[in-house]
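Scroll down for the structure; my scribbles are underneath it.
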There are 2 protein chains.
Amino acid sequence: MPETIRRADNLSGTRYGNRPTMKDVAARAGVGLKTVSRVVNGEPGVTPETERRVQDAIEALGFRRNDSARVLRKGRTASIGLVLEDLADPFYGPLSRAVEEVARAHGALLINGSSAEDPDREQELALALCARRVDGLVIIPAGDDHRYLEPEIRAGVATVFVDRPAGRIDADCVLSDNYGGALGGVAHLIAHGHRRIGFIGDMPRIHTAAERLRGYRAAMEDAGIPVADAWTSLGVTDPERVRRAAEEMLSGPDPVTAIFAGNNRVTVTVIRVLAERNRPVALVGFDDIELADLLRPGITVVAQDAAAIGSTAADRLFRQLDGTLVAPERIQLPTRLITRGSGELPPAD
Amino acid sequence: MPETIRRADNLSGTRYGNRPTMKDVAARAGVGLKTVSRVVNGEPGVTPETERRVQDAIEALGFRRNDSARVLRKGRTASIGLVLEDLADPFYGPLSRAVEEVARAHGALLINGSSAEDPDREQELALALCARRVDGLVIIPAGDDHRYLEPEIRAGVATVFVDRPAGRIDADCVLSDNYGGALGGVAHLIAHGHRRIGFIGDMPRIHTAAERLRGYRAAMEDAGIPVADAWTSLGVTDPERVRRAAEEMLSGPDPVTAIFAGNNRVTVTVIRVLAERNRPVALVGFDDIELADLLRPGITVVAQDAAAIGSTAADRLFRQLDGTLVAPERIQLPTRLITRGSGELPPAD
DNA sequence: TAGAGCCTGGACAACGTTGTCAGATGCGGG
DNA sequence: CCCGCATCTGACAACGTTGTCCAGGCTCTA
């Protein structure tokens, strides 16, 4: 066991590698502890001469304030947590950037992590962030039960849900108008003469997926078109299964002439499938994708404004912290139909 | 001044919204403070009966350990910082995801922020993370002088630079083989018969840009092709200027027949410019771009493995913390030429 | 020149946790 | 029946910072 002992020794001996503390600075500058604190925090009541001495000592020792101690004392961390679903999804880039921008404007740091769509991991992460005493949380929920956050919210952690609503608790949330967007996108296809329209989307237990499906159904119903079972494919996310689903819709006796793709990953795979076929099939995707305008045809999409969602959410979070905000609210941001060609193809009957 | 006073009052009064502490839990469970600590940390030496009482009290009060205090006491935060250049750049998605994955495997949280290519902001961010006492830093440098990190590194903050080397300090870094990648890409164009090849890239003060330029020049020299001034355009990043640069190269008496694009943003804009022209121009881009295979022609790229870079960097960081690693090292990861069509077009002379 | 008032600086406690160490309790053996 | 040992528990200090409060020195006025 000598290794284990050495390792433990090693770790506990590290102790920030013996960083200088305010006490050290004070000793070196020949002033009191609190005076150093005042200089570090820019508080008034220090002679320029004394201040210079302290600054010099700070410089010489390479002192850096220990924020853990500061947080412990002050009770606010000036940091907020962001729990996203997948760091690598391009949709979340602009979103987290927008959140960071707002956080920065409030002098707060952003701590984030991704849940990988796993509700347990989401909970683990959110609670770990709470243990660090983040002032607030922006969560893109993976699960559908967020009662585990109740004690935290009661304790004053500002909380805003994004992209999907919170489950079983009453909390602020900022979403896109998934229903309206999907309805508009499908109606667009119908307006271009399509009647047999396929829908490929995620599991309906995911709120956005359910809403988009609802929008699809509503558009079809508004147009008086009965939806055949074979036209909708749900719970399909991985490329292989999307591919199979698309191919099934496009073959058979009554093939669809248009497809509505429920999210950007689906859209990309459907583009691939359609590219392999000669018969033109119309396509509208939910979520914009990069370079969509360079493809032939360009891809028509229902675009969400990820940056606006992020900044709205972060804004509300800080307003909760201000006390400006009282009751939780659900905010829906509009989507935008961007026509580029693929959604305007006529049915190839 | 009454407002100021009230605001301060307000803030200092908040104090985590009166969260329960271990002391509260201990009181409720009728045990000592340290016993609660033992239960929370899963230390041995607590009767199951006592443990249950404590657990019940924790549950009832909604207690959550205050990690700030824990960190203050223990000296390690189990969190690492990631300073990237732009959260929204798709190249950094997989990279930060990979870093997070490794961090998670070591039980650490990831805190990140972006520098927006601004050296001052990079420094501010890195030092803010150090003040939070992150155990280590992964930095994608924006600046070229990192001596400000010396005290931190001496104090034991593990540090790994990524994508670009550290400036004026000796530190671990993990990079792509920018020189070799560019050389290979340009050689590929030359092998397909091109001699007048343009290069559009970022400012040469950025290491990657300089290396790629060097690769371009080396490939040309190897082939015995003198490079005309008009063929290289440096320090060009925003779409408008890239567009102008590309158009200039493609017109004039001696237009280029191929373009090597120095990064993904440049590539995208060049694609747009080329799409507007009838004469086919070959294109090879550094960095892969999404959907590159769906364009006609597909875009040939020199791809970096962002995930591998991220996980290699994070790996080294934790090995520094282990003490497994001693001397700083520069690690170069190979790039991969992915041929998709655009780089194989013959010169249209 | 003495006293009032202001300005600067420092001693001390507290934040919530963990490590140390000693006390209490229970059990078995002499 | 008592002692020793093992097991479990709790008191206390310490981590580095900030807020409170007081002491001492200065200036300005009467």
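Keep in mind that what you see is a predicted model, and the values were worked out from it rather than measured. First the proteins, then the strands, lettered A, B, ... as listed; each starts at 1.
The side chain of A:Ser37 lies closest to D:dT18 when the candidates are D:dT18, D:dT17, C:dT20. Listed nucleotides D:dG16, C:dA11, C:dT17 differ in distance to B:Met22; the shortest reach to its side chain belongs to C:dT17. Distances from the side chain of B:Thr47 to the nucleotides D:dC8, D:dG16, C:dT17 place D:dC8 closest. With distances taken from any side-chain atom of A:Leu72 to the nucleotides D:dT17, D:dT18, C:dG16, the minimum falls on C:dG16. When each of D:dT17, D:dT20, C:dG19 is scored by its nearest atom to the side-chain atoms of A:Leu33, the top-ranked nucleotide is D:dT17.
Look at A:Thr21 and you won't find any side-chain N or O under 4.0 angstrom from OP1 or OP2 of D:dC15. Listed pair B:Thr50 / D:dC8 fails the phosphate criterion, with no side-chain N or O lying under 4.0 Å from OP1 or OP2. Distances shorter than 4.0 Å separate none of the side-chain N or O atoms of B:Thr35 from OP1 or OP2 on D:dT9. One finds a side-chain N or O of B:Lys74 lying less than 4.0 angstrom from the OP1 or OP2 phosphate oxygen of C:dG19.
Remark: P of C:dG16 and CZ of A:Arg132 are 18 Å apart, rounded to the nearest angstrom. One can place NZ of A:Lys23 at 11 Å from P of C:dA11, the figure rounded to the nearest angstrom. The CZ-C1' distance, from A:Arg19 to D:dG16, rounds to 12 Å in whole Å. Per the geometry, CZ belonging to A:Arg73 stands 8 Å off C1' belonging to C:dA13, to the nearest Å. If you take CZ of B:Arg53 and C1' of D:dT9, they are 11 Å apart, rounded to a whole angstrom. Taking atom CG of A:Asp67 as the reference point, atom P of D:dC15 lies 19 Å away to the nearest angstrom. A:Asn66 places its CG atom 14 Å from the C1' atom of C:dT17, with the value rounded to the nearest Å.
The backbone N or O of A:Phe161 sits nowhere less than 3.5 Å from a side-chain atom of A:Arg164 that would complete a donor-acceptor pair.
Rounded to the nearest 0.5 Å, atoms NE2 (B:His146) and CD (B:Gln123) are 9.0 Å apart.
Nearest-nucleotide mapping onto DNA chain C: of B:Arg70 and B:Arg38, the residue sitting toward the 5' end is B:Arg70. Annotation: of the two residues near DNA chain D, B:Pro44 and A:Glu43, the 5′-most nearest-nucleotide partner is B:Pro44.
B:Val40 comes within contact range of no nucleotide atom at all, as no heavy-atom separation falls under 4.0 Å. Contact annotation for B:Arg65: backbone-only contact, meaning every heavy-atom pair under 4.0 Å involves sugar-phosphate atoms and none involves a base. Note on A:Gly45: only backbone sugar-phosphate atoms sit closer than 4.0 angstrom, heavy atoms only; bases stay farther off. Using a 4.0 Å heavy-atom criterion, one finds that B:Asn41 contacts the sugar-phosphate atoms exclusively.
Of the N and O atoms on the side chains of B:Glu152 and B:Thr159, not one donor lies less than 3.5 Å from an acceptor on the other residue. At a cut-off of 3.5 Å, with distance as the only test, no side-chain donor of B:Arg132 or A:Asn66 sits close to an acceptor on the other residue.
When every heavy atom of A:Ala142 is checked against every heavy atom of A:Ser115, the shortest pair comes out as CB-OG, 3.8 Å.
Partner of A:Val83 under the side-chain contact (heavy atoms from CB on, under 4.5 Å) criterion, chosen from A:Val138, A:Leu129, A:Ile140, A:Ile111: A:Leu129.
With hydrogens and angles ignored, a donor-acceptor pair under 3.5 angstrom links the side chain of A:Lys34 to the base of D:dG19.
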